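Being a predicted model, the structure only gives us computed values, none of them experimental. In what follows, every chain begins at residue 1, and chains take the letters A, B, ... in the order their sequences are listed.
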Amino acid sequence: MALRTHTCGELRKSDVGQAVQLAGWVHAYRDHGEIVFVDLRDRAGRTQMVFDPESGKELCEQAARLRREDVVSITGTVSERTGGVNPKMPTGEIEVMATGLEVLNKAEAPPILPDDQAGEAAEEHRLRYRYLDLRSQKMQHIIGTRHRVLQLMRSYLAERGFWEIETPFLCRSTPEGARDYLVPSRIQAGRFYALPQSPQLFKQILMASGCDKYMQIVRCFRDEDPRADRQAEFTQLDIEMSFVEQQDVMDLMAGLYSAVWQEVLGVEIGEIPVMAYADAMERYGIDRPDLRFAVELKDIGDLAGKTDFRVFTEVLKSDDGVVKAICVPGGASMSRKQIDGLAEWAKQQFGAGGVPTCKVGANGTLEAGISKFLGDVAPDLIQRMGANEGDLICFACGTFAMASQVLGELRVKLGRELGLIDESQWKFVWITDFPLLHWNEEEERWDSPHHPFTSPVPEQLEQLESDPGSVLSRAYDLVLNGSEVAGGSIRIHRTDVQQRVFNLLGIDEAEAKAKFHFLLDALRYGCPPHGGIAVGLDRTIMHLTGTDNIRDVIAFPKTLTGMDLMTQAPSEVDPAQLEELHVRVVEEEEGE
RNA sequence: GGGGCGGUAGCUCAAUUGGUUAGAGUACCGGACUGUCGAUCCGGUGGUUGCGGGUUCGAGUCCCGUCCGCCUCGCCA
């Protein structure tokens, strides 16, 4: 009565002689007339089933009608392969001589085939027929890995005293941060819940609640435009701890990532270095440096000032003008067209003026590009950049932020395109000592780079009002190969400090009370010092499975326009539903 | 909201400066074959070239619009 006794991945030579029953999908069939081979596939693997004249004529004819993705259950006897072993399959030493076949579900010819020899189907098709795509080896491996990582993280933290606690999905909308997904309330007309961007406030309040150590693998929602590594709906491993300092959280995470990398990849990640934010910006132009290759940004303002290159000298006249450069090993082999393309890219992507370059020639000379302006400083420049013959030096000038962004992104772009990155490496780094506040030029006010609940460095509390821009926070980001995989901080646990930070952010006491009264109250009635971190789980799985696409690590993801191509969500809804929710759809006006 | 790339058979792709009847592999259908394992061999079905307009004697190819997918800037406390 049972449909199977074994999976398609487990039979070995030692099982020869056993009567077995396997169930799965027809992955391939090879019909030789008198003898038919069927590769049967399930989650565990593939096993060759053989139908020959000894199996009976009727059975062979039945087997000959099998087609790809038919779902069948086959009984038979495990036997050693008489036609030679297949070293490509773990089950390649055996085959099952069929004695019975039941077609559980005949499949129509599927629009896409798992592991199609013609090549992987376009993502649009893979997403529409996700159940077919998920049958592929690649996707089964990713989903299985994701499962193992989740289990490992849960048990690792449970063993260390963490409680898994669920927090609400229907939440209060928060004023700052990303755009919220809103959920209209039926019972309270005109009011809305928001889906959580993260359980930030709840986990802090759990610390005030005496829960001490909290963890949750939780979905978060941010209504912003997606990217290759960003999805509106994503998963965090959320962690919060009481009575801890920054180092405690960092140590816990180092242990967790070591365990995961060891378990999944067999890789020892070693000690994770720490780099200050200012250092990262200065040397890599970005707060998530990719340390798999050595190229660094250098300030060459002093040298640029000695040249007659007006673009540089003009920039240096302003107070915050800088000139920086990177030396790209072997970059001189790029064509004129490719190099011109860099400037075009920088203009279009960042609104930069361009990317001046020059090539490093023999005997300490500079060639092409802006080399004719650099004659006097060439030796000093080559020395500072550590440049060798055949390298390309790329410059950027403007504000520190602009020059950093252009060269920081250019560094990564060229690193990839010229193969400078050692793909076999795992370069973790902690970025710390972030500024607590960031001046928003457009709106002329202070912003939180992290979030408004991040604690300032205690020693700098005095200068919070006098010199807000100089105050550092107790925040930390974990960066892996140039991507941010986790971020957290020690939180503010005192009402007065929280209110001072709110004030700086332009949230006065009345507004703070209206929007965050529960947090301020929780802090007031005895909240322990606490801190935590949130792990980008999807991104972590991307690294572990070697994909650069977040949709690959999510079973049912959405496209860049927020569509689920399988279910066709979002959809229009029945007017009666809208009425119940007190919601009316406004038609977009023409020409808007 | 901006920039870029793409859409041709169920699927993966090709199609010269705009030029005859839009091809190949695979899937599917039929036939041959007792040891294959990406089986092989023979034959066949299958196309509104995303959609709508335009230029032209003639458009898969050029132009405009639009939809979809991907990459990206802005955005992402």
Protein N or O to nucleotides 3-7 of chain B N or O, pairs below 3.5 Å:
unit_1, atom_1, unit_2, atom_2, d
B/G3, O2', A/Gln348, OE1, 3.4
B/G3, O2', A/Gln348, NE2, 3.4

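- In terms of phosphate contacts, A/Arg30 brings no side-chain nitrogen or oxygen within less than 4.0 Å of OP1 or OP2 of B/U36.
- Under the salt bridge (charged side-chain N to carboxylate O under 4.0 Å, His left out) criterion, A/Arg219 pairs with A/Glu233, not counting sequence neighbours.
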Between N or O atoms, less than 3.5 Å apart, protein on one side and nucleotides 27-32 of chain B on the other: list the pairs.
unit_1, atom_1, unit_2, atom_2, d
B/C28, OP2, A/Tyr29, OH, 2.9
B/C29, OP2, A/Arg67, NE, 2.6

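- Not a single donor-acceptor pair, N or O on each side, falls under 3.5 Å between the base of B/G69 and the side chain of A/Thr559.
- The side chain of A/Phe350 has B/C73 as its nearest neighbour among B/C73, B/G35, B/C70.
- A salt bridge (Lys or Arg N to Asp or Glu O under 4.0 Å) check over residues 338-348 of chain A, counting only residues at least two apart or in different chains, returns the pairs A/Arg336-A/Asp340.
- With sequence neighbours left out, A/Asp287 forms a salt bridge (charged side-chain N to carboxylate O under 4.0 Å, His left out) with no residue at all.
- Applying the salt bridge (charged side-chain N to carboxylate O under 4.0 Å, His left out) test to A/Arg43 and every residue at least two apart in sequence or in another chain returns nothing.
- Checked against ring-ring contact (aromatic ring centres under 6.0 Å, His included), A/Tyr29 has no partners two or more places apart in sequence or in another chain.
- Checking the phosphate oxygens (OP1, OP2) of B/G10, no side-chain nitrogen or oxygen of A/Arg128 falls inside 4.0 Å.
- The salt bridge (Lys or Arg N to Asp or Glu O under 4.0 Å) contacts involving residues 49-68 of chain A comprise nothing, where partners must be two or more places apart or lie in separate chains.
- The side chain of A/Arg227 contributes no N or O atom lying less than 4.0 Å from OP1 or OP2 of B/C75.
- At B/A77, none of the side-chain N or O atoms of A/His450 fall inside 4.0 Å of OP1 or OP2 (strictly under the cut-off).
- Residue A/His125 has a polar side-chain atom (N or O) positioned under 4.0 Å from OP1 or OP2 of B/U12.
- A/Arg551 contributes no side-chain N or O that, together with a main-chain N or O of A/Thr559, makes up a donor-acceptor pair within less than 3.5 Å.
- Checked by distance alone, A/Arg222 brings no side-chain donor or acceptor within 3.5 Å of a matching partner on the base of B/C76.
- Remark: B/A24 base-pairs with B/U12. Criterion, Watson-Crick or G-U wobble with two distances under 3.5 Å.
- RNA chain B is contacted by no residue of residues 406-417 of chain A, taking any non-hydrogen atom closer than 4.0 Å.
- A/Tyr181 is linked by a ring-ring contact (aromatic ring centres under 6.0 Å, His included) to nothing, counting only residues two or more places apart in sequence or in another chain.
- Contact between the side-chain N/O atoms of A/Thr561 and the OP1/OP2 oxygens of B/G69 is found at a separation under 4.0 Å.
- Within the nucleic acid shown, A/Gly84 comes within 4.0 Å of at least one base atom, counting heavy atoms only.
- Phosphate contact (OP1/OP2 of B/U36, side-chain N/O of A/His32, threshold under 4.0 Å): absent.
- With both pairing distances under 3.5 Å, B/C70 is matched to B/G4 as a Watson-Crick or G-U wobble pair.
- Screening residues 473-484 of chain A for salt bridge (Lys or Arg N to Asp or Glu O under 4.0 Å), with sequence neighbours left out, gives A/Glu245-A/Arg474.
- Evaluation of the salt bridge (charged side-chain N to carboxylate O under 4.0 Å, His left out) rule for A/Arg179 yields A/Glu224 as partners, not counting sequence neighbours.
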